Amino acid sequence: MDYHKILAEINEEVSHLIGKGKVADYIPELAKVKKDKFAIYLLTLDGKSYETGNSQELFSIQSISKVFMLALMISKIGKRVYKRVDVEPSGDPFNSLVQLEHENGIPRNPFINSGALVITDMMLSHFENPKEEMLRFVRSLAGDDKIFYNEAVAQSELRTGFKNAAMVNLMKSFGNIKNEIEDVLELYCYCCSIEMSCCQLAKAFRVFANHGKGVVDTRQYISKSQFKRITAIMLTCGFYDEAGEFAFQVGLPGKSGVGGGIAAIMPGDYSIVVWSPGLNENGNSLVGMKALELFTTKTGSSIF
Ligand code: GLN
């Protein structure tokens, strides 16, 4: 497969879309990000990499962190995680509150905000220093110590995250939040604020493409079966109310974030990360979705 050529073609074919869409300006700090960015980083399991665009530039991973948060808690308490958060697609926006009341404060899945807030609560209960633990975990997956939180982004979201605050309060009223509301919100915003490049993210997602093989840190244990389950949730819930569309157009498990990143994997074959900050109306990268659709079409790869 001539991946160099395919990435160059994609770059060309999406160029008229770059700059379209809307940045996530509900987090004021993210409103400052320039829309004219575009990058792809592809990492195959035989160790080769291919890139185009600003693939070493750092961006806010936002909800892509939800995959790492879930994996971290699975590595600590295993399937008990799923007692407090379900694994059904929500069919609703990532920050929706509507199902939570009907469903007694149990979020539909760990990849929408309410679900990740419950995972955050578990992190607070489990770790002495969850912020450090999270960073250590992400660094170990990526094999890179130069991964950090962005203070300004975290504080900016903390000041304006009224819907997330509403969700935590509602879930607390149902007994599904054990820690202080302020602590949950703070840790959640920090996790979302992690900055990584397409290259670093592709390295961190490699282990998901490789059925869990390659976690070198022995403090972390996630079974092959648990990796398979996390991947299943990526497919069914990784794109909020656009999960069906992503499976239909792209055909890979993945996870998006409002920073404009999308990480996806082809199990047994590769991890691929795209970034372009302009979002569509569902909060997913407009160019990123198109680029991945072109990639799986041109390479003929799909899990189906
Ligand atoms: N930090 C963002 C929020 O809670 C994450 C949302 C996302 O990336 N979809 O609104």
Side-chain angles (χ1 to χ4, degrees), residues 21-33 58-70 85 89-98 100 107-121 123 131 134 138 149-171 177 181-196 198 201 205 233-234 236-243 245-246 254-264 273-289:
K22 198 171 165 286
V23 292
D25 55 7
Y26 74 96
I27 301 173
E29 202 61 25
L30 292 187
K32 298 179 184 165
V33 178
L58 300 178
F59 62 90
S60 194
I61 70 168
Q62 292 296 318
S63 279
I64 299 175
S65 64
K66 293 177 168 73
V67 176
F68 303 137
M69 293 159 76
L70 174 64
V85 54
S90 68
D92 271 330
F94 60 86
N95 56 2
S96 173
L97 278 136
V98 291
L100 267 185
R108 276 287 173 107
N109 67 69
F111 292 165
I112 48 175
N113 289 15
S114 52
L117 286 160
V118 170
I119 302 286
T120 308
D121 188 56
M123 289 165 67
K131 244 159 98 179
M134 174 73 178
V138 177
Y149 296 111
N150 181 317
E151 284 285 331
V153 171
Q155 292 299 331
S156 172
E157 181 168 16
L158 257 178
R159 282 192 296 275
T160 55
F162 305 114
K163 272 201 152 181
N164 289 333
M167 275 174 234
V168 186
N169 276 278
L170 188 55
M171 292 190 290
I177 292 289
I181 285 167
E182 293 69 29
D183 295 343
V184 176
L185 289 169
E186 187 190 301
L187 179 58
Y188 170 83
C189 289
Y190 270 86
C191 291
C192 290
S193 81
I194 292 175
E195 288 189 320
M196 291 169 79
C198 288
L201 270 172
F205 270 75
I233 308 172
M234 283 191 222
T236 52
C237 311
F239 298 84
Y240 329 112
D241 38 348
E242 218 168 31
E245 183 76 10
F246 193 81
K255 185 73 201 83
S256 63
V258 293
I262 301 179
V273 178
V274 296
W275 171 53
S276 190
L279 306 177
N280 66 19
E281 60 288 352
N282 298 310
N284 295 316
S285 172
L286 192 148
V287 182
M289 294 269 292

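All ligand and atom numbering here is 1-based and tracks the order in the structure. Everything numeric in this text was worked out from a predicted model, so none of it was measured.
Nearest protein neighbour of atom 1 (N) of ligand 1, counting heavy atoms only, is Q62 OE1, 2.5 Å. Protein heavy atom closest to atom 10 (O) of ligand 1, with residue, atom name and distance, is Y26 OH, 2.5 Å. In terms of protein heavy atoms, atom 3 (C) of ligand 1 is closest to E157 OE2, 3.0 Å. In terms of protein heavy-atom proximity, atom 9 (N) of ligand 1 is nearest to Y240 OH, 2.7 Å. The single protein non-hydrogen atom nearest to atom 6 (C) of ligand 1 is S63 OG, 3.1 Å, given as residue, atom name and distance. Looking from atom 4 (O) of ligand 1 to the surrounding protein, the closest heavy atom is Y188 OH, 2.6 Å.
At least one side-chain heavy atom of V258 sits under 4.5 Å from a side-chain heavy atom of Y26. In this structure, N282 and F239 have side chains that are not in contact, with every pair of non-hydrogen atoms separated by 4.5 Å or more. For the pair K66/I119, no side-chain contact is recorded, criterion being any heavy-atom separation below 4.5 Å from C-beta on. Y240 is listed as a side-chain neighbour of I112, based on a closest heavy-atom distance under 4.5 Å.
Residue contacts with ligand 1 for I64 are absent, since no atom lies close enough (heavy atoms, distance under 4.0 Å). Of all the heavy atoms of N113, the ones lying under 4.0 Å from any atom of ligand 1 belong exclusively to the side chain.
Heavy-atom contacts of N164 reach the following atoms of ligand 1: 3 (C), 4 (O) (cutoff under 4.0 Å). Of all atoms in ligand 1, numbered sequentially from 1 with element shown, those under 4.0 Å from a heavy atom of C192 are 1 (N).
For K32, the salt bridge (Lys or Arg N to Asp or Glu O under 4.0 Å) criterion is met by E29, not counting sequence neighbours.
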Requested in this report: Let me see the working for Y190 and E151 under side-chain contact (heavy atoms from CB on, under 4.5 Å), right down to the final yes or no.
Outcome: CA-CA 7 Å; Y190 270 86; E151 284 285 331; 2.6 Å; yes
**Report entry** Worked check of side-chain contact (heavy atoms from CB on, under 4.5 Å) between C191 and M123
**Finding:** CA-CA 11 Å; C191 291; M123 289 165 67; 4.0 Å; yes
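The CG atom of N284 lies 9.0 Å from the CZ atom of F94; values are rounded to the nearest 0.5 Å.
On a distance-only criterion, G257 and ligand 1 share no N/O pair closer than 3.5 Å.
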